[in-house]
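Take a look at the structure below.
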Amino acid sequence: MAKLQDPEAMLSEAVDTMMKVIDKDGNGLCSKEEFKAFVQEKGETPLKDEEVDELFNAVDTDGDKTTLTRDELLTVLKIGLQANQQSRQS
Ligand SMILES: [Ca+2]
Ligand SMILES: [Ca+2]
């Protein structure tokens, strides 16, 4: 337990935790409604429908464009982290 975790492992854990919170109906996928509710619960600015559409299209790898798998959610997390770092630098 004292071992330092590599960033990938930490991200992987974070995405599992996030998915548990987001996935209200427990189908293992994050729907657009679930994602929007999650953003609002976190107290972030609510996303517009087209923003959610854009995001889901951008990270979609299985082609359904309506739900996020665990892997797709991981991409969302990575994008979010990069955005955070960039805004800290400027
Ligand atoms: Ca779900
Ligand atoms: Ca998808």
Side-chain angles (χ1 to χ4, degrees):
M1 287 304 256
K3 213 168 76 176
L4 276 177
Q5 280 188 315
D6 66 276
E8 285 289 324
M10 280 174 65
L11 262 183
S12 179
E13 231 171 77
V15 82
D16 283 340
T17 311
M18 215 171 137
M19 191 54 117
K20 268 183 219 148
V21 178
I22 291 181
D23 188 22
K24 304 275 191 219
D25 61 4
N27 67 349
L29 295 165
C30 165
S31 68
K32 287 180 179 175
E33 287 70 29
E34 286 170 344
F35 191 78
K36 279 198 283 190
F38 173 72
V39 170
Q40 258 175 320
E41 274 169 30
K42 281 196 355 172
E44 309 265 345
T45 320
L47 293 170
K48 295 194 192 83
D49 283 346
E50 54 262 39
E51 288 173 326
V52 178
D53 288 345
E54 214 173 279
L55 181 70
F56 273 51
N57 285 344
V59 302
D60 191 60
T61 51
D62 60 2
D64 69 353
K65 314 227 173 179
T66 53
T67 55
L68 297 180
T69 61
R70 187 189 168 283
D71 279 354
E72 289 165 354
L73 188 63
L74 184 64
T75 311
V76 174
L77 262 189
K78 285 183 182 172
I79 293 172
L81 282 179
Q82 275 167 6
N84 257 339
Q85 277 161 3
Q86 271 162 11
S87 63
R88 241 179 274 151
Q89 275 163 9
S90 58

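Sequence positions, counted from 1, serve as the residue numbers for this chain.
Scored by the ring-ring contact (aromatic ring centres under 6.0 Å, His included) test, F38 finds no partners at all (sequence neighbours excluded). In this view, D53 and K32 satisfy the side-chain contact (heavy atoms from CB on, under 4.5 Å) rule, not counting sequence neighbours.
Closest of all the heavy-atom pairs between K65 and N57 is CD-OD1, 3.0 Å. For the residue pair L47 and K36, the shortest heavy atom distance occurs at O-CD, 3.9 Å. The heavy-atom pair separating S12 from R70 by the smallest distance is OG-NH2, 2.8 Å.
In this structure, E51 places its CD atom where more than 12 heavy-atom neighbours from other residues, nucleotides or ligands lie under 6.0 Å away.
Atom NZ of residue K42 and atom CD1 of residue I22 lie 8.5 Å apart, to the nearest 0.5 angstrom. Here the straight-line distance linking atom CE of M19 with atom CG of L73 works out to 5.0 Å at 0.5 Å rounding. One distance of note links OG1 of T17 with CD of E13; it measures 6.5 Å at 0.5 Å rounding. Once rounded to the nearest 0.5 Å, the distance linking OG1 of T67 with CD of E33 reads 11.0 Å. With rounding to the nearest 0.5 angstrom, the CG atom of L11 is 10.0 Å from the OG1 atom of T75. Within the model, atoms CG of D71 and CG of D62 stand 9.5 Å from one another, a figure rounded to the nearest 0.5 Å.
Connection of L81 to M10 is not established within any shared hydrophobic cluster, with ILVMFWY side chains joined at heavy-atom distances below 4.5 Å, either directly or through further cluster members.
For the pair L68 and L29, the minimum side-chain heavy-atom distance is 4.5 Å or more.
The closest donor-acceptor contact from the side chain of E72 to the backbone of F56 lies at 3.5 Å or more, if one exists at all.
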